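This report concerns only the one structure given below.
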Amino acid sequence: MSAPRRVCVVTGSRADFGLLKWVMKEIQAHPRLALLTAVTGMHLSEEFGMTVREVEREGFAIDARVDSLVAGDTAIAMSMSVGRGVAGFAEAFARLQPDVVLVLGDRFEIFAAAQASYFAGIPIAHIAGGDTTEGALDEALRHGITKMAQLHFVTSDAAAARVRQLGEDPAHVYNFGSPGIDAIRHLKRLPREDLERALGFSLLERNVLVTFHPATLDPAPASRQFAEVLRALEGLGPRVGLLLTHANADTGGRAINRMIGEFVAGRPNARAFESLGSHLYLNTLAEVDAIVGNSSSALYEAPTLRTAAVNIGDRQRGRLQASSVLNCAPAAAEIQRAIEQAFALDCSATVNPYGDGTSAPRIAAALAAVENPKRLLQKTFREVR
């Protein structure tokens, strides 16, 4: 019997780990696969909650730590972080010798890992390629990773069509849905009082979860848009509970985080969190009346939890949306109006367009079934006719 195939999963943040966790567990349990775990990006930053601890709490040994983040809230810092990440992953992959590198999404630290894998001649499996997010740099990074990857685990038929349009072999494009829904299927729901204890916050009659990240292709500063979000939240009054999570490490994210700290100070109905972690985040998302901001979780996970979403601005423009999603411009009056509409929205019959929560075991099975991933490195561009 041949040795198990070594699959190195790269995770860079609380967000992608929440999606990857059950895929990693399935790889770990598969007799023909061996899991390697590489952490990078915000996971290794005290500023962003040192969320590598959550990876370890889930029982995963850390095989490589690639410290890639360059301090700063600028495009220069982001570019330097990519370069640092490429160098770090080049060394890590040379040491670990994985047979396949598995990455998810479109973040700049994930792009760095994909580049290092590509130059090293290691096959890449990519989750969530083919999506569109027209308001962020992530759009181009995601498509770039698709062109470097050999195996494509997409989340919808529309995404599969786009990956094929990019010239990828249809035989290696698998629509298994989003692994984020697997996390919901396995979620152990907390009673409301236990959730309040974990949050350190007493929920009110109405509550919203606010997750807002920089729209990196928008010419307006992220702080200007977020100021409109805060004005809308203030307009809801003190009887609405406000749970705000910190922004990511994109250009402008640190400015948003400073604004969050200033906003919650002296407001007993508001609480800020560097990171809630996957389990607590999903439980909170299930309990609140709406999620407000521009996070992909509003489109991927919230529909399955029957939670209304207010999607602000262009960051997620182009993604498939369930009936539970309300869109608005980054203007305070429009945001407040959309939140009030969300409070009245019936989401009980919402259908999630991103699958049924069985993607993780199917991804693991597909990784094990590929006869020889190295043979896929030399690709032929497949014309769509």
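All values derive from a computational prediction rather than experimental measurement.
- Going from atom CG of Leu69 over to atom OG1 of Thr40 covers 7.0 Å, rounded to the nearest 0.5 Å.
- Of all heavy-atom pairs spanning Pro330 and Gly313, the tightest one is CD-CA, 4.0 Å.
- There is no path of hydrophobic side-chain contacts, each under 4.5 Å, that joins Leu367 to Val101.
- With hydrogens and angles left out, the side-chain atoms of Arg14 and Tyr281 include no donor and acceptor closer than 3.5 Å.
- Within the structure, the ring pair (Phe, Tyr, Trp, His ring centres under 6.0 Å) test picks out the following pairs touching residues 192-212 (sequence neighbours left out): Phe212-Phe226.
- Summarising the geometry, atom CD1 belonging to Ile256 is positioned 14.0 Å from atom CZ belonging to Phe263; distances are rounded to the nearest 0.5 Å.
- You'll find the side chain of Tyr354 stays beyond 4.5 Å of the side chain of Thr304, heavy atoms only.
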**Prompt:** Can Arg197 and Asp194 be said to form a side-chain contact (heavy atoms from CB on, under 4.5 Å), step by step?
**Reply:** CA-CA 5 Å; Arg197 192 176 303 112; Asp194 291 349; 2.8 Å; yes

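- Side-chain contact between Tyr300 and Ser178 is present, with heavy atoms from C-beta onward closer than 4.5 Å.
- Across Thr51 and Ser275, no two heavy atoms sit closer than the pair CG2-OG, 3.4 Å.
- With values rounded to the nearest 0.5 angstrom, Leu20 atom CG is found 4.5 Å from Leu104 atom CG.
- Val70 belongs to a hydrophobic cluster whose other members, connected by ILVMFWY side-chain contacts under 4.5 Å either directly or through intermediates, are Ile76, Met80.
- Under the side-chain hydrogen bond (donor to acceptor under 3.5 Å, both in side chains) criterion, Gln336 pairs with Glu340, not counting sequence neighbours.
- For the pair Leu233/Val208, a side-chain contact is recorded, criterion being any heavy-atom separation below 4.5 Å from C-beta on.
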**Message:** Please determine whether side-chain contact (heavy atoms from CB on, under 4.5 Å) holds for the pair Ile62 and Val55, giving the CA-CA distance in whole Å, both sets of side-chain angles, and the decisive distance to 0.1 Å.
**Reply:** CA-CA 8 Å; Ile62 308 300; Val55 181; 3.6 Å; yes

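- Across all their heavy atoms, Leu35 and Met24 have their closest contact at CD2-O, 3.8 Å.
- Here ring pair (Phe, Tyr, Trp, His ring centres under 6.0 Å) pairs that include residues 73-107, with residues two or more places apart or in two chains, are Phe89-Phe93.
- A perpendicular orientation is assigned to the rings of His43 and Phe17, their planes being inclined by more than 60° (bins at 30° and 60°).
- The closest side-chain donor-acceptor pair between Ser68 and Ser81, if any, does not fall under 3.5 angstrom.
- Both tests hold for Arg206 against Phe343: distance to the six-membered ring centre under 6.0 Å, angle to the ring axis within 45°.
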**Item:** Verdict with supporting geometry, Arg53 and Glu46, salt bridge (Lys or Arg N to Asp or Glu O under 4.0 Å)
**Value:** CA-CA 11 Å; Arg53 299 183 188 114; Glu46 290 287 357; 3.2 Å; yes

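- Between the side chain of His213 and the backbone N or O of Ala247 there is no donor-acceptor pair closer than 3.5 Å.
- Side chains of Val66 and Glu109 form no contact here, defined as non-hydrogen atoms less than 4.5 Å apart.
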**Request:** List the steps, then state whether side-chain contact (heavy atoms from CB on, under 4.5 Å) holds for Arg319 with Ser296.
**Result:** CA-CA 9 Å; Arg319 281 200 200 271; Ser296 61; 3.9 Å; yes

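- In this structure, Arg382 pairs ionically with Asp169, as a charged nitrogen and a carboxylate oxygen lie closer than 4.0 Å.
- In terms of the side-chain hydrogen bond (donor to acceptor under 3.5 Å, both in side chains) criterion, Thr37 has no residue partners (sequence neighbours excluded).
- In this structure, Arg362 does not pair ionically with Glu26, as no charged nitrogen and carboxylate oxygen lie closer than 4.0 Å.
- Minimum heavy-atom separation, Gly129 to Ala159: O-CB, 3.5 Å.
- Taking 4.5 Å as the limit, every side-chain heavy atom of Lys147 sits out of range of all side-chain heavy atoms of His143.
- Here the side chain of Gln150 pairs a donor or acceptor atom with the backbone of Ile124 at under 3.5 angstrom.
- Panel note: side chain Asp16, backbone Gly12; a donor-acceptor pair is recorded below 3.5 Å.
- Ser323 and Leu345 get closest at one heavy-atom pair: O-CD2, 4.1 Å.
- For the pair Ser117 (side chain) and Ile122 (backbone), a donor-acceptor distance under 3.5 Å is present.
- Proximity of a side-chain donor or acceptor of Asp99 to a complementary backbone N or O of Arg6 within less than 3.5 Å is detected.
- When atom types are taken as modelled, the side chain of Asn283 and the backbone of Leu190 share a donor-acceptor pair closer than 3.5 angstrom.
- Side-chain contact between Pro98 and Val7 is absent, with no heavy atoms from C-beta onward closer than 4.5 Å.
- No donor-acceptor distance shorter than 3.5 angstrom exists from the side chain of Ser45 to the backbone of Gly41, with no hydrogens or angles considered.
- Placement of Met42 and Phe111 within a single hydrophobic cluster is found when ILVMFWY residues are connected by side-chain heavy-atom separations under 4.5 Å, directly or transitively.
- Expressed to the nearest 0.5 Å, how far CG of Leu187 lies from CG of Leu285 amounts to 9.5 Å.
- A side-chain N or O of Gln321 and one of Asn327 form a donor-acceptor pair less than 3.5 Å apart.
- Without hydrogens or angle criteria, Asn175 side chain to Ser156 main chain gives a donor-acceptor distance under 3.5 Å.
- Under the 3.5 Å distance criterion, with hydrogens and angles disregarded, no donor-acceptor pair is assigned to the side chains of Asp138 and Thr133.
- Between the Lys374 side chain and the Gly121 main chain, a donor and an acceptor come within less than 3.5 Å of each other.
- Between the CD atom of Glu228 and the CD1 atom of Ile335 there is a distance of 6.5 Å, given to the nearest 0.5 Å.
- Counted by atom type alone, Arg162 and Gln165 present zero donor-acceptor pairs between their side chains at under 3.5 Å.
- Salt bridge Glu56/Arg65: present, at least one basic N to carboxylate O contact under 4.0 Å.
- Although no hydrogens or angles enter the test, the distance criterion places no donor-acceptor pair under 3.5 Å between the side chain of Arg271 and the main chain of Val264.
- Residues Asn294 and Asn311 come closest through the heavy atom pair CA-OD1, 3.9 Å.
- In this structure, a donor-acceptor pair under 3.5 Å is absent between the side chains of His246 and Glu274.
- The closest side-chain heavy-atom distance from Val210 to Leu243 is not below 4.5 Å.
- Arg306 contributes atom CZ, which lies 8.5 Å from atom CG of Asn352 (distance to the nearest 0.5 angstrom).
- In this structure, Val163 shares a hydrophobic cluster with Val154, Val173, the cluster being traced through Ile, Leu, Val, Met, Phe, Trp and Tyr side chains under 4.5 angstrom apart.
- For the pair Ile27 and Leu102, the minimum side-chain heavy-atom distance is below 4.5 Å.
- Hydrophobic clustering, with ILVMFWY side chains joined whenever heavy atoms are under 4.5 angstrom apart, keeps Leu141 apart from Ile127.
- Under a hydrophobic-cluster definition in which Ile, Leu, Val, Met, Phe, Trp and Tyr are linked whenever side-chain heavy atoms come within less than 4.5 Å, directly or via other members, Phe108 and Val10 are assigned to the same cluster.
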**Prompt:** Is there a side-chain contact (heavy atoms from CB on, under 4.5 Å) between Leu236 and Asn269 once you walk through the steps?
**Reply:** CA-CA 11 Å; Leu236 297 175; Asn269 67 317; over 6 Å; no

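- With hydrophobic clusters built from ILVMFWY side chains whose heavy atoms lie under 4.5 angstrom apart, Tyr118 does not share a cluster with Leu36.
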